[in-house]
Amino acid sequence: MSSGLPAGRLEVMDDAPAPRTRWSALALSAPWAAWAAVRAAGAERGFPLVPALAFTPYAAASSVLPLAAAVLTRSRAATAVAAGSAAVLGSAVLRRTRPAPAAARADGPGLRVVSLNMLHGRADPAAAVALATRHDADVLALMEVTPEAVHGLLDAGVTDRLPAGHVVPAGEGQPAGAGGALWTRLEVLHRSVVPGRFGQPAVRLAVPGAPDVELTAAHTHPPARSRAQVARWQADLRLLPEPTDDVLRVVAGDLNATPDHASFRALLSRGWVDAGLATGQGLRSTWSPMRVSWPRLTLDHVLVDPRIEVRSLDVVHVAGTDHRALVADLRLPATLGSGAGSVSRAAGSAPPPPGQ
């Protein structure tokens with residue numbers, strides 16, 4: 001039978017994807033490309049970009065989806081865009097699993113700090129005291145502490161282990177859970193309060209064999225629901241102290257920030273070393289909702305002067321709260337002149353903003 005084709009011609013079937021399919025693959029890669037561009041440039045501004053950037057690890061994990069679609073459709077443009085986006089997001093996230101070069105090799109005594117957000121006083125006070133006792137803590141730093149939680153902590157024997165305290169109740173017009181507290185077994189030389197929406201107690205401690213340490217229990221405004229909340233969160237981060245040459249400083253608490261936030265990287269660029277990044281645990285989640293296990297975010301941090309050596313960081317579950325406790329094992333320099341030297345820029349701290 002005749003095929004109907006002119007003699008000498010063969011029918012060739014074109015199985016290349018239709019242009020519309022290639023454009024679809026390119027369109028699919030666009031959200032990840034936009035996310036990567038904002039993360040790389042540190043360009044998130046206001047709501048909802050700032051809270052969204054906290055989910056960058058999830059964006060990085062799912063970036064294989066547009067890349068697979070691009071490869072299947074054999075779209076060179078879509079493949080290039082998707083591969084570039086995956087590389088940017090993956091690099092930003094995976095670097096947190098590698099311990100940073102040590103900022104200091106300290107030669108003085110140890111300092112163990114336990115930090116916990118009590119979820120408006122709902123965390124079990126006895127569990128918090130037991131945690132500090134089990135880890136032989138020198139300092140217990142608490143956020144979202146209510147008057148009832150303070151009574152519970154005292155009844156659980158917090159002052160038996162850590163006799164010196166500094167409790168900052170919630171300010172006027174604030175919920176009862178906006179308070180903060182510190183307890184320590186070290187001598188307290190001075191008590192102060194760092195300004196912000198939440199009570200943020202700070203103490204200057206005399207440490208035998210080392211310079212004085214100023215420690216703050218920090219809690220910034222969550223930037224979760226509006227542009228105004230984002231502005232207050234950024235203001236709280238700017239109001240936090242920074243390392244200086246005349247004292248060793250530590251900030252421990254719920255900063256409602258991750259390394260994917262440009263504002264947090266700007267804070268680190270002031271000279272701080274993040275204990276999680278220093279130990280390669282920058283992806284260990286410290287918060288998740290009470291009723292479900294996802295999402296999991298890294299919102300709590302221990303920031304240290306670059307002359308302080310971070311030996312380890314543990315993340316521990318405590319009953320009654322949606323935050324995990326942080327247990328930071330630190331070593332102090334014997335003198336202010338030892339260790340990393342100048343605190344103006346810390347070796348081993350996170351790269352400066354906007355994009356790194």
Side-chain angles (χ1 to χ4, degrees), residues 35 38-39 42 44 48-63 88-100 113-119 123 131 141-144 198 216-224 230 233-234 236-237 240 250-269 272-290 292-304 310 312-318 321-330 348-351 353 355-356:
W35 198 306
V38 171
R39 172 59 178 85
E44 74 271 15
L49 286 181
V50 165
L53 260 288
F55 296 86
T56 295
Y58 293 95
S62 61
S63 64
V88 169
L89 295 172
S91 175
V93 170
L94 292 177
R95 71 178 63 177
R96 298 175 217 168
T97 64
R98 300 190 299 269
V113 178
V114 172
S115 170
L116 174 66
N117 182 319
M118 297 191 73
L119 185 58
L131 176 69
L142 300 173
M143 301 94 237
E144 297 194 15
F198 292 91
T216 300
H219 190 193
T220 65
H221 195 293
V230 170
W233 168 75
Q234 291 172 326
D236 282 351
L237 288 176
L240 290 175
V250 176
V251 169
D254 175 11
L255 301 185
N256 281 302
T258 80
D260 293 305
H261 289 120
S263 293
F264 181 71
R265 298 196 300 276
L267 174 65
L268 295 186
S269 72
W272 290 112
V273 173
D274 182 283
L277 297 177
T279 56
Q281 298 189 81
L283 285 179
R284 286 285 298 274
S285 64
T286 67
W287 174 88
S288 62
M290 289 290 289
V292 296
S293 59
W294 299 92
R296 297 181 179 182
L297 302 177
T298 307
L299 303 179
D300 302 79
H301 302 270
V302 176
L303 309 182
V304 304
V310 181
S312 67
L313 181 73
D314 292 329
V315 180
V316 184
H317 172 75
V318 175
T321 175
D322 53 354
H323 285 259
R324 310 296 178 265
L326 300 183
V327 181
D329 190 8
L330 313 174
S349 63
Q356 297 300 313

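- Considering only heavy atoms from C-beta on, Arg324 stays 4.5 Å or farther from Ser285 through its side chain.
- For the pair Met143 and Ala252, the tightest heavy-atom approach, listed with the atom from each and the gap, is CE-O, 3.8 Å.
- To the nearest 0.5 Å, atom CG of residue Leu131 and atom OG of residue Ser115 are 10.5 Å apart.
- When all heavy atoms of Pro51 and Ala224 are compared, the pair lying nearest together is CG-O, 4.2 Å.
- In this structure, the side chains of His261 and Val50 come closer than 4.5 Å at one or more pairs of heavy atoms.
- Nearest approach of Leu277 to Arg96, heavy atoms of both residues: CD2-CG, 3.7 Å.
- Proximity of Val310 to Val304: side-chain heavy atoms (C-beta onward) are separated by under 4.5 Å at one or more points.
- Residues Thr298 and Gly282 come closest through the heavy atom pair OG1-O, 3.7 Å.
- Looking only at distances, no side-chain donor or acceptor of Ser91 sits under 3.5 Å from a matching main-chain atom of Val88.
- Atom CZ of residue Arg39 and atom CG of residue Leu53 lie 7.5 Å apart, to the nearest 0.5 angstrom.
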Practice item. Any chance you could lay out the side-chain hydrogen bond (donor to acceptor under 3.5 Å, both in side chains) test for His301 and Asp274, step after step, and finish with the verdict? Key: CA-CA 7 Å; His301 302 270; Asp274 182 283; 2.8 Å; yes

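- Here the closest non-hydrogen pair linking Val251 and Ala218 is CG1-CB, 3.6 Å.
- Inter-residue side-chain proximity for Trp233 and Leu255 is flagged as unmet; no heavy-atom pair is nearer than 4.5 Å.
- Between Leu116 and Asp254 the shortest side-chain heavy-atom distance does not fall below 4.5 Å.
- A pairwise comparison of heavy atoms in Val93 and Pro57 identifies CG2-CA, 3.8 Å as the closest pair.
- Taken from CD in Gln281 to CG in Asp314, the straight-line distance is 7.0 Å, to the nearest 0.5 Å.
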Exercise for review: Begin with the C-alpha distance, continue with both residues' side-chain angles, and end with the deciding distance and a verdict on side chain to side chain contact (heavy atoms under 4.5 Å, CB included) for Thr258 and Thr56.
Suggested key: CA-CA 9 Å; Thr258 80; Thr56 295; over 6 Å; no

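- Remark: of the listed residues Arg284, His219, His323, His323 is the sole one forming a side chain to side chain donor-acceptor pair (under 3.5 Å) with Asp300.
- Expressed to the nearest 0.5 Å, how far CG of Leu299 lies from OG1 of Thr286 amounts to 5.0 Å.
- No donor-acceptor pair closer than 3.5 Å links the side chain of Ser288 to the backbone N or O of Pro295.
- Contact check on Arg296 versus Asp322 returns no salt bridge, with no Lys/Arg side-chain nitrogen under 4.0 Å from an Asp/Glu carboxylate oxygen.
- Counting heavy atoms from C-beta outward, Ser63 and Trp35 have side chains that stay 4.5 Å or more apart.
- Here the side chains of Leu267 and Trp272 are in contact, with some heavy-atom distance below 4.5 Å.
- The CG atom of Leu119 lies 10.5 Å from the CH2 atom of Trp287; values are rounded to the nearest 0.5 Å.
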Practice item. Applying side chain to side chain contact (heavy atoms under 4.5 Å, CB included), run through Leu303 and Leu268 and close with a yes or a no. Key: CA-CA 8 Å; Leu303 309 182; Leu268 295 186; 3.8 Å; yes

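- Side-chain atoms of Val114 and Leu326, non-hydrogen and from C-beta on, never get closer than 4.5 Å to each other.
- Rounding to the nearest 0.5 angstrom, the gap separating the CZ atom in Phe198 from the CD atom in Glu144 is 5.5 Å.
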